[in-house]
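The structure appears below as structure tokens.
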Amino acid sequence: MHPFTYTRASDTRDALAAGRRGGRYIAGGTTLVDLMREGVEQPGTLVDITGLPLAEVKATERGGLRIGALVAMAAAAAHPTVRTLYPVISQALELSASAQLRNMATIGGNIMQRTRCTYFRDVTAACNKRDPGSGCAARDGYNRTHAILGTSQACVATHPSDVAVAFAALEAQVHLLGLDGERRLPFADFLLGPGTSPQREQALHPGELITAVEIPALPRPLASGYLKVRDRQSYEFALTSAAVALHVRGGIIRAAKVAAGGVGTVPWKLPAVEQHLVGERPSDALWAAAAEKATDGASPLAHNRFKVELLRRTVERQLRTVGGPQ
């Protein structure tokens, strides 16, 4: 591990000033410390933000939900407001990592985590995300766990977060704070696809701090849930996953929110699936037809072609689970 300095922020302004000078924010440290051990990350300064007042979960006045950036994953999953309003968030969190990690890792850190691509984490391998311009070893290497959606010639790594898939489906906003003030960013714009610059993963300004994730008020009643398919049932990242939220009134689907994980370079919103559902009556035939739209634009590689069919089946199964058998 390379030498670094450590400072503990006394308040938000102190943290922002340190961040503007190039310091890296750290809370639970469950991802960053691992990357530092492996030599992938070499920050000169770590800024401990665990003392900042960003650990509150509350319903908003408009009926949405705001989760502070420093809320632990386990605390967010267990919070009664989260479980009542958006079960898809609780389920996504509870299917993530291990109990020990969920007790330490924070919501802000989770959506900031970097890919689990083995080539990214192997400093001897070519990786444009880690070393821009060096190439992408995954494209011609063993790419079973890599992305089939949103890929580029520069990068095919997947985003590993489960709860980020739920946030993408629910069209959350990320609250950000910098020395120049506050701003909100749609979750769809917060995480960046690789394009030609895979090393830039979030649309953050220098030194900017995540303060919360807010889910907007959605029409009620709302049924939601998260399904994760993986090689084993404990402490494993998704081969594919589906976050679904449906508003059904009078026997008609009035609103649908659907996103997939484990298959995209970012959590992948599925607007074609949503559009196919809205205005229709729930039925097994509808779930199957909508799920066919989930793989639009897929570009599988040599070893992950199975993900095309797996994604379709996963979305169909979760639509049926959330929407109910017909």
Side-chain angles (χ1 to χ4, degrees), residues 4-32 41 43-73 75-76 79 81-82 85-86 89 105-114 159 161 163-195 197-218 259 266-267 269:
F4 62 91
T5 60
Y6 167 90
T7 181
R8 185 178 177 86
S10 58
D11 54 33
T12 302
R13 181 155 291 276
D14 184 34
L16 291 175
R20 182 64 67 89
R21 294 192 297 269
R24 290 287 303 278
Y25 301 127
I26 187 169
T30 55
T31 294
L32 181 56
E41 296 267 13
T45 301
L46 294 183
V47 183
D48 187 338
I49 59 172
T50 53
L52 303 185
L54 303 174
E56 183 180 24
V57 178
K58 65 177 182 180
T60 65
E61 292 181 1
R62 296 180 294 277
L65 178 69
R66 178 174 170 136
I67 306 175
L70 292 180
V71 176
M73 291 170 62
H79 198 283
T81 302
V82 179
L85 292 179
Y86 297 106
I89 295 176
T106 63
I107 293 296
N110 182 279
I111 63 175
M112 283 289 292
Q113 69 178 299
R114 307 194 72 184
H159 192 276
S161 172
V163 75
V165 183
F167 290 156
L170 297 172
E171 298 170 2
Q173 289 191 328
V174 183
H175 289 241
L176 302 169
L177 179 64
L179 290 174
D180 299 327
E182 300 180 38
R183 67 184 181 117
R184 296 185 182 188
L185 198 60
F187 199 80
D189 297 333
F190 174 71
L191 295 174
L192 304 176
S197 304
Q199 74 278 9
R200 186 164 186 255
E201 298 173 331
Q202 302 91 17
L204 289 169
H205 296 160
E208 209 164 28
L209 179 68
I210 301 171
T211 58
V213 175
E214 183 172 336
I215 293 86
L218 294 174
V266 294
K269 195 80 156 71

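A distance of 13.0 Å separates CG of Leu52 from CZ of Arg13, quoted to the nearest 0.5 Å. One distance of note links CD1 of Ile89 with CD1 of Ile107; it measures 8.0 Å at 0.5 Å rounding. Between the OG atom in Ser161 and the CE atom in Met73 there is a gap of 7.0 Å [rounded to 0.5 Å]. In this structure, CG on Asn110 lies 8.0 Å from OG1 on Thr30, to the nearest 0.5 angstrom. The OG1 atom of Thr7 lies 12.5 Å from the CD1 atom of Ile49; values are rounded to the nearest 0.5 Å. Rounded to the nearest 0.5 angstrom, Gln202 CD and Leu192 CG are separated by 7.0 Å.
Every residue meeting the side-chain contact (heavy atoms from CB on, under 4.5 Å) condition with Thr106, not counting sequence neighbours, appears here in chain and number order: Ala27, Leu70. Partners of Arg24 under the salt bridge (Lys or Arg N to Asp or Glu O under 4.0 Å) rule, at least two apart in sequence or in another chain, are Glu41. The ring-ring contact (aromatic ring centres under 6.0 Å, His included) test applied to Tyr86 returns no partner, not counting sequence neighbours. With sequence neighbours excluded, no residue forms a side chain to side chain donor-acceptor pair (under 3.5 Å) with Asp189. Asp180 pairs by the side-chain contact (heavy atoms from CB on, under 4.5 Å) definition with Arg20, not counting sequence neighbours. Residues that satisfy the salt bridge (Lys or Arg N to Asp or Glu O under 4.0 Å) test with Arg183, not counting sequence neighbours, are Glu208. Residues meeting the side-chain contact (heavy atoms from CB on, under 4.5 Å) test with Ala18, sequence neighbours left out: Arg21, Val47.
With contacts defined as side-chain heavy-atom distances shorter than 4.5 Å, the pair Leu209/Leu54 qualifies. At a threshold of 4.5 Å between non-hydrogen side-chain atoms, the residues Val213 and Val163 do not count as touching. No side-chain heavy atom of Tyr25 sits under 4.5 Å from any side-chain heavy atom of Ile210.
Of all heavy-atom pairs spanning Asp14 and Ala9, the tightest one is OD2-CA, 3.3 Å. What you find for Ala217 and Gly63 is that their closest heavy atoms are CB-C, 3.7 Å. Across all their heavy atoms, Ala203 and Arg200 have their closest contact at CA-NH2, 3.8 Å. Between Arg114 and Gln199, the shortest heavy-atom distance links the atoms NH2-O, 4.2 Å. The two residues Ala59 and Leu85 come nearest to each other via the heavy atoms CB-CD1, 4.5 Å.
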Would you be so kind as to tabulate the donor-acceptor pairs closer than 3.5 Å made by side chains of residues 170-179, with sequence neighbours excluded?
from	atom 1	to	atom 2	distance (Å)
Glu171	OE1	Lys257	NZ	3.2
Glu171	OE2	Lys257	NZ	3.3
Glu171	OE2	Lys269	NZ	3.2
His175	ND1	Arg66	NH1	3.3
His175	NE2	Glu214	OE1	2.8

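Sorted by first then second residue, the side chain to side chain donor-acceptor pair (under 3.5 Å) pairs that include residues 43-53, not counting sequence neighbours, are Thr5-Thr45, Tyr6-Asp48, Arg8-Asp48, Arg8-Thr50, Asp48-Thr50. Residues in residues 47-68 take part in no ring pair (Phe, Tyr, Trp, His ring centres under 6.0 Å) pair, two or more places apart or across chains.
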